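Structure record follows, encoded as structure tokens.
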Amino acid sequence: MKWFLFFILIVLCSCNESKRKWPEYDRDTASWKEPDKHTIIDTAHISETDSDSSLVHDGIPWSSENNPGYYRGPSAEKIKYPLEIDKDTISMLGTFLFKNLSTEDIVFLNKETLSQTGFIDTTMKIRIDTLKNKNVTIISIYNFGEKMSQRIYINGSLVRDYKYTDVDALWEDIFAMNGASFRQFSFHGKEYYFLNAGIADCGASSCAAYYQLLYDVQNKKLNSFCFFRVDDHYFFGDINADNKLDFLQINNSGFGGGPDGLNSFGMNIYTCDPKGKFKILKDNKGKDYYIRGNSGSDWYVSDMYIDEYYWPVKIKK
């Protein structure tokens, strides 16, 4: 009965969508453009505090418990440069990725981002985000009551069914997906979706963490990689020319504490298996490939200085 009522709620939201005017977020002025309040059904106004850009994700507020209503984020847009790199301001990390992570065999398919709409009901403590373009539909259903949970559907398939376990650890988060980051591509004939995701309702240092999601379309397998205080780049490609998609995971201490007060980090290679799951790459004896280094005194991994490594191929500098 509970899921039947929930389904009816979604249908009613869809039927009324075309009749509403939506509050929109202006990225340039970091403020909300609110329509006439009488045109919005069961929608509260956004407070001045919540209009701060640090609490807004892709045009929709992060602080779900305080902002009930219907929202429209950015529309789907054409992508001009799928793997754009600013060579004038490129970081040491960006240079490393550009030289050592081959993207030659990546073919971008539908070069369009995802639009995003959201519905937040603070009475039922449910938030529904819909991200879509002509070919892809992603729906997130987030329950933010006492027992938090999130279900993510991609093209109708349930790919994440997460229930919060009260464990404060990486990978134990609610994904706030960013439709503007969406990329659809193939690698040696195998299709993938890519998305960046923040942490929903984040606070303090957790707002400095984000996820990169890779979805294997054929196997309907969602992979997540967490980054903490690491510059945003594309970390997927081919490391060792084995025709398998690789992903570089960086584990950053983020608080200094390394030798001589330097901020330390580690890097590992994950590679996609035939079932769509990314697993850590090891040599024939079962030893992990790795890089260990520091980013100077900066807590963010932008500059990277390699202290030691064990790598499957020669590192290009």
Side-chain angles (χ1 to χ4, degrees), residues 83 85 90-106 167-173 187-188 192 194 196-197 205-206 208-216 221-317:
L83 287 176
I85 297 177
I90 197 166
S91 64
M92 293 176 68
L93 173 58
T95 300
F96 174 86
L97 296 171
F98 183 73
K99 292 184 177 181
N100 293 277
L101 191 59
S102 173
T103 59
E104 291 182 0
D105 295 324
I106 291 177
V167 176
D168 186 14
L170 295 178
W171 294 278
E172 296 292 325
D173 293 305
F187 182 81
H188 288 278
Y192 298 88
F194 167 86
N196 270 343
S205 59
S206 68
Y210 69 96
Y211 286 84
Q212 292 203 352
L213 310 179
L214 272 176
Y215 177 66
D216 183 310
K221 183 68 177 180
L222 182 66
N223 298 270
S224 61
F225 302 90
C226 187
F227 292 87
F228 177 63
R229 290 180 173 157
V230 176
D231 276 4
D232 185 14
H233 292 278
Y234 294 105
F235 294 93
F236 57 86
D238 193 355
I239 284 285
N240 53 354
D242 62 352
N243 297 336
K244 295 180 181 179
L245 188 66
D246 299 318
F247 192 96
L248 292 183
Q249 171 71 62
I250 298 178
N251 299 303
N252 178 31
S253 66
F255 295 101
D260 301 321
L262 302 180
N263 182 68
S264 59
F265 72 88
M267 181 184 293
N268 291 103
I269 305 171
Y270 284 75
T271 192
C272 192
D273 71 9
K275 294 183 179 181
K277 182 176 178 58
F278 281 78
K279 297 180 179 179
I280 197 165
L281 185 62
K282 305 174 182 287
D283 66 10
N284 293 332
K285 296 182 179 180
K287 183 178 180 180
D288 296 355
Y289 293 108
Y290 68 87
I291 288 176
R292 299 191 184 102
N294 71 85
S295 57
S297 59
D298 190 348
W299 288 359
Y300 278 81
V301 179
S302 177
D303 289 341
M304 56 172 288
Y305 304 92
I306 298 175
D307 297 324
E308 60 176 306
Y309 64 91
Y310 179 60
W311 213 238
V313 292
K314 183 178 178 179
I315 294 177
K316 300 177 183 178
K317 299 181 179 180

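As the structure is a prediction and not an experimental result, all values here were calculated from the model. Values below: every heavy atom of this structure, side chains too, minus hydrogens, waters and symmetry copies.
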Summary of salt bridge (charged side-chain N to carboxylate O under 4.0 Å, His left out) pairs that have at least one residue in residues 235-250, sequence neighbours excluded: none
Lys99 to Lys317 - nearest heavy-atom pair and separation: NZ-O, 3.0 Å
CG on Leu248 to CG on Leu93, rounded to 0.5 Å: 9.0 Å
Flag side-chain contact, heavy atom, 4.5 Å: Phe187 against Cys272: no
Any donor-acceptor pair under 3.5 Å from Lys316 side chain to Asn100 backbone: no
Heavy atoms of other groups near Lys282 NZ, more than 12 under 6.0 Å: yes
Any side-chain heavy-atom pair of His233 and Phe96 under 4.5 Å: no
Side chain to side chain contact (heavy atoms under 4.5 Å, CB included) partners of Lys287, counting only residues at least two apart: Asp283, Tyr290, Tyr310
Closest approach of Trp311 to Met267 (non-hydrogen atoms, all atoms of both residues): CH2-SD, 4.0 Å
Tyr210 ring center within less than 6.0 Å of Phe227 ring center: yes
Validation row: Leu245, Phe278 side chains within 4.5 angstrom (heavy atoms): yes
Working for side chain to side chain contact (heavy atoms under 4.5 Å, CB included), residues Asn268 and Asn251: CA-CA 8 Å; Asn268 291 103; Asn251 299 303; 4.0 Å; yes
For Ser224 against Tyr211, the heavy-atom pair lying closest together: CB-CD2, 4.2 Å
Which atom of Asp231 lies closest to which atom of Ser302, heavy atoms considered: OD2-OG, 2.7 Å
Point-to-point distance, once rounded to the nearest 0.5 Å, from CD1 of Ile291 to CD1 of Ile269: 7.5 Å
Any side-chain heavy-atom pair of Asp288 and Leu281 under 4.5 Å: no
Ser295 side, atom OG; Leu262 side, atom CG - distance, nearest 0.5 Å: 8.0 Å
Glu104 atom CD: more than 12 heavy-atom contacts under 6.0 Å: no
Separation of Asp307 CG from Arg292 CZ (nearest 0.5 Å): 10.0 Å
Any side-chain heavy-atom pair of Tyr270 and Asn223 under 4.5 Å: no
Heavy-atom closest contact (Met92 atom, Met304 atom, distance): CE-O, 3.0 Å
Close side-chain approach of Leu222 and Leu213, heavy atoms under 4.5 Å: yes
Main-chain N/O of Phe228 paired with Asn252 side-chain donor or acceptor, under 3.5 Å: yes
Thr271 side chain near Ile239 side chain, heavy-atom distance below 4.5 Å: no
Phe236 to Leu214 - nearest heavy-atom pair and separation: CB-CD1, 4.1 Å
Stepwise side chain to side chain contact (heavy atoms under 4.5 Å, CB included) test for Asp232 and Gln212: CA-CA 9 Å; Asp232 185 14; Gln212 292 203 352; 3.4 Å; yes
Under 3.5 Å: donor-acceptor pair, side chain of Ser91, backbone of Gly94: yes
Atom pair CG/CH2 of Asn263 and Trp299 - distance to nearest 0.5 Å: 8.5 Å
Side chain to side chain, Phe194 and Tyr234, heavy atoms closer than 4.5 Å: yes
is_close_aromatic(Phe225, Phe235), centroid dist under 6.0 Å: no
